[in-house]
There are 2 protein chains.
Amino acid sequence: MTQIETLPIGELSRQTGCKVQTIRYYEQIGLMPEPARTTGNQRRYDTRHRERLAFIRHSRELGFALAAIRELLGLADDPDCSCETVDDIARTQLLQVDQRIARLSALRTELVRMLEQCRGGRIADCRVIEVLADHTHASCLSQDHEAPTEAGEGRAG
Amino acid sequence: MTQIETLPIGELSRQTGCKVQTIRYYEQIGLMPEPARTTGNQRRYDTRHRERLAFIRHSRELGFALAAIRELLGLADDPDCSCETVDDIARTQLLQVDQRIARLSALRTELVRMLEQCRGGRIADCRVIEVLADHTHASCLSQDHEAPTEAGEGRAG
DNA sequence: TCTAGTAGCTCCAGTAACTGGAGGTTCAAG
DNA sequence: CTTGAACCTCCAGTTACTGGAGCTACTAGA
């Protein structure tokens, strides 16, 4: 019989650009199903695993949280279901991205202003330190209760 | 003698908008100095503490990592030192903010495109799911090794 | 002075999404 | 049969907090 193609974890890692440890982590948290094992207890993956992992990675790159991806995967398994929820999740993600861009832009403005005002010199005269120390300023850049943690961003090295 | 003004932790928390637990956390990691204590072992803060905490909070709001803030605080303590390093830290922060904005904008573009293509309907026809599953696409939004964790963003609620 | 209620204390665990390492086993090529 | 890369499990660490358990201190009113 023709043998179906199976991949060891390192190969799957190479093909998806997802680290070996991360693949095992996804299995551990139930995002990836347990693959078959060799008699020597090593994982062997098939095409379905590869596709699922690619889906996860691409979603992560788009900033979806693992919880959202879990939900998307569940929905994707039911082809007859309406895709309303899927779109909702994506729209929520877009909204969050917009909020973060807005917030970062505000930060940017303040950073630039701060740097422009500093002529360089002694710390005692440094505008940067001064601005940071100025608490009349504090919390005007409200840190609201949003943004769980970002994909791609966050950890990586 | 005139008694100098001292604040219990809750009052400091109110004045700075920094949670009580967070203040204790900053002390634990050595970012805030240990304050005086009452005979009953409760913390009592003075104006210098309040200013330092305000500095920390404002820096966090601008997205500086705690490690950077630690460094800034060290530099701020030496008024005769040149403010080159301070400016460097701020410029690095600006650079990171710029990178994250760029990255988020790219995410945004893809999310919008994805959502626009979906006409709503069955999952089987859903463009969102399709795009996410498409691994020819994967890692074109490179997640580079940057951005430690963001202030204001990240945790909050 | 007693009491109630709020605020404080310490210690520990959990969050998100991984990453890295120790210490040991398996696989595939030569 | 040997060698070296790849694999295994388990555990701890990362960032910047947050929350809770179980206990103590402080303060205002009766």
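These numbers come from a predicted model, not from an experiment. Each chain gets a letter, A, B and so on, in the order its sequence line appears, and its residues count up from 1. All heavy atoms count here, side chains included; hydrogens, waters and symmetry mates do not.
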Send over the distance from [X] [atom1] to [N] [atom2], rounded to a whole Å.
X: B:Tyr25; N: C:dT15; atom1: OH; atom2: C1'; answer: 13 Å
X: B:Glu11; N: C:dG8; atom1: CD; atom2: P; answer: 9 Å
X: B:Arg37; N: D:dA25; atom1: CZ; atom2: P; answer: 13 Å

Please say which of A:Leu53, A:Ile23, A:Ile56 ends up in a side-chain contact (heavy atoms from CB on, under 4.5 Å) with A:Leu31.
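Of all the options given, the one that passes is A:Ile56.
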Would you classify [X] as touching base, sugar-phosphate or nothing, given that sugar-phosphate means primed atoms plus P, OP1 and OP2, and contacts are heavy atoms under 4.0 Å?
X: A:Ile29; result: nothing
X: A:Arg24; result: base
X: B:Arg14; result: nothing

Of the listed nucleotides D:dA16, C:dG8, C:dC18, the one nearest the side chain of B:Arg60
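Nucleotide nearest to B:Arg60's side chain: D:dA16.
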Using 4.0 Å as the upper bound for N to carboxylate O, is an ion pair formed by A:Glu130 and A:Arg127?
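Yes, this pair counts.
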A:Gln21 vs B:Gln42, nearer the 5' end of DNA chain C by closest nucleotide:
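The 5'-side residue here is B:Gln42.
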Check this one for me: any side-chain N or O of B:Thr38 less than 4.0 Å away from OP1 or OP2 of D:dA25?
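Negative; the distance criterion is not met.
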Verify the contact: side-chain N or O of B:Arg44 to OP1 or OP2 of C:dC9, cut-off strictly under 4.0 Å; return yes or no.
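B:Arg44 to C:dC9 OP1/OP2: no side-chain N or O under 4.0 Å.
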Taking CD in A:Glu11 as the centre, count heavy atoms belonging to other residues, nucleotides or ligands within less than 6.0 Å. Is the count above 12?
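Atom CD in A:Glu11 is crowded, with more than 12 foreign heavy atoms closer than 6.0 Å.
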Give a yes or no on this: more than 12 heavy atoms of other residues, nucleotides or ligands lie within 6.0 Å of atom CZ of A:Arg48.
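Result for CZ/A:Arg48: open.
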